[in-house]
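Have a look at the structure below before the remarks.
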Amino acid sequence: MNAPLPTDHFPCNDMPGPRFREAGEMVLDQFHRDGRIDAQWLGLHPREFALLWRLAAQPGERLCDQQLRTEAFRISQGPGPEGIIADIARLRGKLAAAGAGHLICTDGDGRYFLEVPPDHGLSRFAAG
């Protein structure tokens, strides 16, 4: 069961869009730029957080490395697919350590997506 999220710890929220995004048992917090599973924070690097935030926007949506570079990092060129592969590998390791390594998947065409059971959608927080 997920630990309750603080609602009054940071009452002034000037961020555009939602503060939280939920994907399965993982909750992403835009204010902290980190994610957690139950009470365990993942300790995400900013690039890792950006990838997860984008993937969690629409669980199940398949995105290639170029789409992730453009939509998560807002760059059209930069490190090749190796950079995304390394970021995803680190993310999978951090998620696996928290018991959720199954969340990030790769399809047969090398596109990445979050696999979230239908009953674990964005039930507690607004998507954005």
Side-chain angles (χ1 to χ4, degrees):
M1 171 144 276
N2 290 343
L5 292 170
T7 56
D8 60 350
H9 190 68
F10 298 102
C12 180
N13 181 1
D14 295 333
M15 294 176 296
R19 175 178 172 183
F20 299 104
R21 197 169 272 173
E22 181 181 14
E25 60 267 36
M26 177 180 60
V27 176
L28 297 173
D29 182 333
Q30 186 172 246
F31 183 86
H32 288 101
R33 310 273 309 152
D34 203 353
R36 64 183 218 182
I37 297 173
D38 293 323
Q40 181 180 351
W41 288 99
L42 299 172
L44 299 175
H45 181 277
R47 288 177 55 91
E48 296 164 348
F49 179 83
L51 282 172
L52 271 180
W53 187 261
R54 174 55 189 96
L55 289 169
Q58 293 180 310
E61 179 184 20
R62 275 109 169 113
L63 298 165
C64 69
D65 61 356
Q66 179 60 43
Q67 288 172 296
L68 285 171
R69 250 192 319 277
T70 302
E71 296 175 22
F73 305 140
R74 304 201 193 301
I75 57 173
S76 59
Q77 295 184 348
E82 305 81 26
I84 298 291
I85 291 169
D87 290 331
I88 294 290
R90 282 191 304 276
L91 269 174
R92 283 183 171 141
K94 289 178 180 183
L95 289 169
H102 61 280
L103 285 177
I104 297 181
C105 299
T106 308
D107 70 10
D109 294 325
R111 297 175 299 176
Y112 302 100
F113 64 99
L114 287 185
E115 183 154 286
V116 178
D119 61 336
H120 281 95
L122 300 171
S123 59
R124 291 186 293 172
F125 309 106

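- A distance-only check finds no donor-acceptor pair linking the side chain of Glu115 to the backbone of His102 [under 3.5 Å].
- Inter-residue side-chain proximity for Ile85 and Asp65 is flagged as unmet; no heavy-atom pair is nearer than 4.5 Å.
- Two residues are said to be in side-chain contact when any heavy atoms from C-beta on lie closer than 4.5 Å; Leu55 and Leu103 fail this criterion.
- Listed here is the closest heavy atom pair of Trp53 and Phe20: CH2-C, 4.0 Å.
- Considering every non-hydrogen atom in both Ala98 and Leu42, the closest pair reads CB-CD2, 3.7 Å.
- Between atom CZ of residue Phe31 and atom CZ of residue Arg19 there is a gap of 6.5 Å, rounded to the nearest 0.5 Å.
- The line from CD of Glu71 to SG of Cys64 is 8.5 Å long, rounded to the nearest 0.5 Å.
- Under a 3.5 Å cut-off, the side chain of Asp38 and the backbone N or O of Gln40 do not form any donor-acceptor pair.
- Side-chain atoms of Arg62 come within 3.5 Å of backbone N or O of Gly60 as a donor-acceptor pair.
- Here the CZ-CD distance, from Phe49 to Gln30, works out to 5.5 Å after rounding to the nearest 0.5 Å.
- Panel note: side chain Asp34, backbone Leu44; a donor-acceptor pair is recorded below 3.5 Å.
- Expressed to the nearest 0.5 Å, how far CG of Leu91 lies from CZ of Arg47 amounts to 10.5 Å.
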Discussion item. Pair Arg54, Glu61 - check salt bridge (charged side-chain N to carboxylate O under 4.0 Å, His left out), show working.
Written reply: CA-CA 10 Å; Arg54 174 55 189 96; Glu61 179 184 20; 2.9 Å; yes
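- Not one N or O on the side chain of Asp87 forms a donor-acceptor pair closer than 3.5 Å with the backbone of Glu48.
- We find the CG-OH distance between Leu52 and Tyr112 to be 13.0 Å, quoted to the nearest 0.5 Å.
- Separating the CG atom in Leu68 from the CZ atom in Phe73 is a distance of 7.0 Å, to the nearest 0.5 Å.
- The backbone N or O of Arg111 lies less than 3.5 Å from no partner atom in the side chain of Asp109, so there is not a single donor-acceptor pair.
- Contact record, Gly24 with Val116: N-CG1, 3.2 Å, taken as the closest heavy-atom pair.
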